[in-house]
Amino acid sequence: MSSALFRTKNVEQSIRDTEEPEHSLKKSLSALDLTVFGVGVIIGTGIFVLTGQVAKNNAGPAVSLAFVAAGVVCALAALCYAEFASTVPVAGSAYTFSYASLGELPAWIIGWDLVLEFALGTAVVAVGWSGYIRSLLDNAGWHLPAYLAGRDNATGFGFDILAAALVLVLTGILVLGMKLSARITSIVVAIKVAVVLIVIIAGAFFIHGENYKPFVPHPEPVPAGGSLKAPLIQLMFGWAPANFGVMGIFTAASVVFFAFIGFDIVATAAEETRNPQRDMPRGILGSLLICTVLYVAVSVVVTGMQKYTRLSVEAPLADAFKAVGHPWYAGVISFGAAVGLTTVCMILLLGQTRVFFAMSRDGLLPRFFSRVHPRFKTPHRPTILLGVIIAVVAGFTSLSELAELVNIGTLFAFVVVAISVIILRRTRPDLPRAFRTPWVPVVPIVSVCATLWLMLNLPAETWLRFAVWMVIGIVVYLLYGRKHSLLALREQAAAGELSGPPPGDKR
């Protein structure tokens, strides 16, 4: 039983499975496409919102150092992702990597985790996009009925029609092909980056040096908290997140880290990349580097435009321009945020469908979902199923309290991938590696420690919800996945325990 739960799927078999015509995705992406995908999903509401929040509450003008610290943590994880994605160019990202190193049950757990992470992320971003669009419509004098905006307090009913419509449209685009998705993403990302550059360049003319003083404000005492909403590390060890000072920078880093979430989704497109050995590391590391530079530059500009104590928490960039007498830029920033969220939503949905597709191709989910469209060569069945479900969820739910599950899910994936790099280096030293994570095992170990530190800064109630979802996942695996695993059926066929080839295995 124990050996069955931790059986591994070797890299060669994973690659052979991608060559079956009915279960093979079309290779159409370049390094530029991957970089655009990464930038498209990383730059979201984080850069437009978190800067003001952490500057005002935790780090002051030193928020730029917090972005650097968070970027370093992500870079450690990105180095591990780059090695795996170039070595095992198969859809599924951390799920596929852990299947090759840790075993079937850990792979299922991380896949189950990623499905929830990307689903909630897509729904939350769609709701956020809807809010921006409604704001723009209200400014133009067009008002949606409350019951179609998801916020009718009078009747108790509300359906966010804009959020649901966005998810359905993006679902259709993903079904039609990755190249079309990449082209649309490129256009939208160009607009989004242009808006960020406008903030940096225009805002630089309104910087006042005195706003940077003090650059690292003196620390303030933090009251102890005992509720489940307090960070887990506070409940376990009595350590409370710091306001200002050097420790305030690290507290801020644990918050702004979530503005970087998304570069790992690039790894889910490895199977659809023309030259994954060369282009996956470039796409993952390139997108992270670009976004880190932009984040640091924006934080330096906005804290120089307005004293950190007066920064807005909800819309710091837009309000900073209003404070210096240029409200027109505020409108441009809001427009850029609204447009930019479309790519975040689409790439999150893309990541989820690829993980779901990989799990179904392995038999851990129904194989019905692993057949690709005969013309578009996309996993149309899971894309449509998940798109409809997420559209309904986004329409009826704000998901504000569940949003942190996206964060813990991503961090959990980072830990698994870093550990997997160490294990696969030991078990398969002969494996050709186009990109090698430097200083193994030091870099993966440091990545695990840094990631766990950020996880401990999440509220305890987030850990409880995450644990419940994991328990449900293990039950589903034991009742379905373990019995239908294609790897298990192949082992039984090789041992003569099956009268024919495994279901769905034409070899």
Side-chain angles (χ1 to χ4, degrees), residues 42-78 199-200 203 207-225 230-234 236-261 263 288-289 291-313 316-317 320 404 407-408 410-411 414 443 446-459:
I42 296 172
I43 297 182
T45 54
I47 194 171
F48 298 104
V49 176
L50 289 181
T51 303
Q53 175 184 332
V54 295
K56 190 170 185 176
N57 299 331
N58 302 111
V63 63
S64 57
L65 299 181
F67 275 111
V68 172
V72 169
V73 174
C74 289
L76 294 172
V199 171
I200 296 171
I207 291 177
H208 297 284
E210 59 270 19
N211 289 333
Y212 292 127
K213 299 176 183 178
F215 189 73
V216 181
H218 296 296
E220 297 177 356
V222 180
L232 183 63
I233 193 172
Q234 183 175 347
M236 293 173 61
F237 306 109
W239 181 87
N243 287 343
F244 309 118
V246 175
M247 290 306 299
I249 296 174
F250 291 104
T251 298
S254 69
V255 178
V256 302
F257 163 81
F258 305 123
F260 289 90
I261 285 179
F263 74 85
L288 181 60
L289 176 62
C291 293
T292 300
V293 171
L294 292 176
Y295 279 11
V296 171
V298 166
S299 62
V300 168
V301 168
V302 74
T303 53
M305 291 177 64
Q306 192 174 22
K307 190 70 174 179
Y308 73 92
T309 55
R310 296 196 297 268
L311 282 174
S312 164
V313 173
L317 274 62
E404 286 177 330
N407 306 331
I408 195 171
T410 300
L411 290 166
F414 286 3
V443 167
V446 173
S447 177
V448 169
C449 293
T451 302
L452 288 175
W453 169 263
L454 295 178
M455 292 178 74
L456 289 172
N457 278 280
L458 289 172

message = Using only atom types and a distance under 3.5 Å, with no angle test, would you say the side chain of Thr292 pairs donor to acceptor with the backbone of Leu288?
response = yes
query = Between OH of Tyr295 and OG of Ser299, what distance do you get to the nearest 0.5 Å?
reply = 11.0 Å
key: Distance (rounded to the nearest 0.5 Å) between Lys307 NZ and Lys56 NZ   = 13.5 Å
request  = List the atom of Ser447, the atom of Thr451, and the distance in Å for their closest heavy-atom pair.
outcome  = O-OG1, 2.7 Å
note = The reported gap from CD1 in Ile408 to CG in Asn457 (rounded to nearest 0.5 angstrom) is 11.5 Å
query = Closest heavy-atom contact between Val298 and Leu317?
reply = CG1-CD2, 3.8 Å
message = Any heavy-atom pair between the side chains of Tyr212 and Ile207 that's under 4.5 Å?
response = yes
ask   = Can you find a pair of side-chain heavy atoms, one from Met305 and one from Val301, that are under 4.5 Å apart?
value = yes
Do any side-chain atoms of residues 58-75 form donor-acceptor pairs under 3.5 angstrom with protein atoms, and if so which ones, sequence neighbours left out?
residue, atom, partner, partner atom, Å
Asn58, ND2, Ala242, O, 3.4
Asn58, ND2, Asn243, OD1, 3.4

request  = Using side-chain contact (heavy atoms from CB on, under 4.5 Å) as the criterion, list what pairs up with Val255, not counting sequence neighbours.
outcome  = Leu50, Gln53, Val54
Point-to-point distance, once rounded to the nearest 0.5 Å, from CH2 of Trp453 to CD1 of Ile233 = 4.0 Å
query = Can you tell me how far CZ of Phe257 sits from OG1 of Thr410, rounded to the nearest 0.5 angstrom?
reply = 6.5 Å
message = To the nearest 0.5 Å, what is the distance between CG on Leu454 and SG on Cys449?
response = 11.5 Å
Leu311: which of Thr303, Asn57, Asn211 passes side chain to side chain contact (heavy atoms under 4.5 Å, CB included) = Thr303
query = Who passes ring pair (Phe, Tyr, Trp, His ring centres under 6.0 Å) against Phe244, sequence neighbours left out?
reply = Tyr308
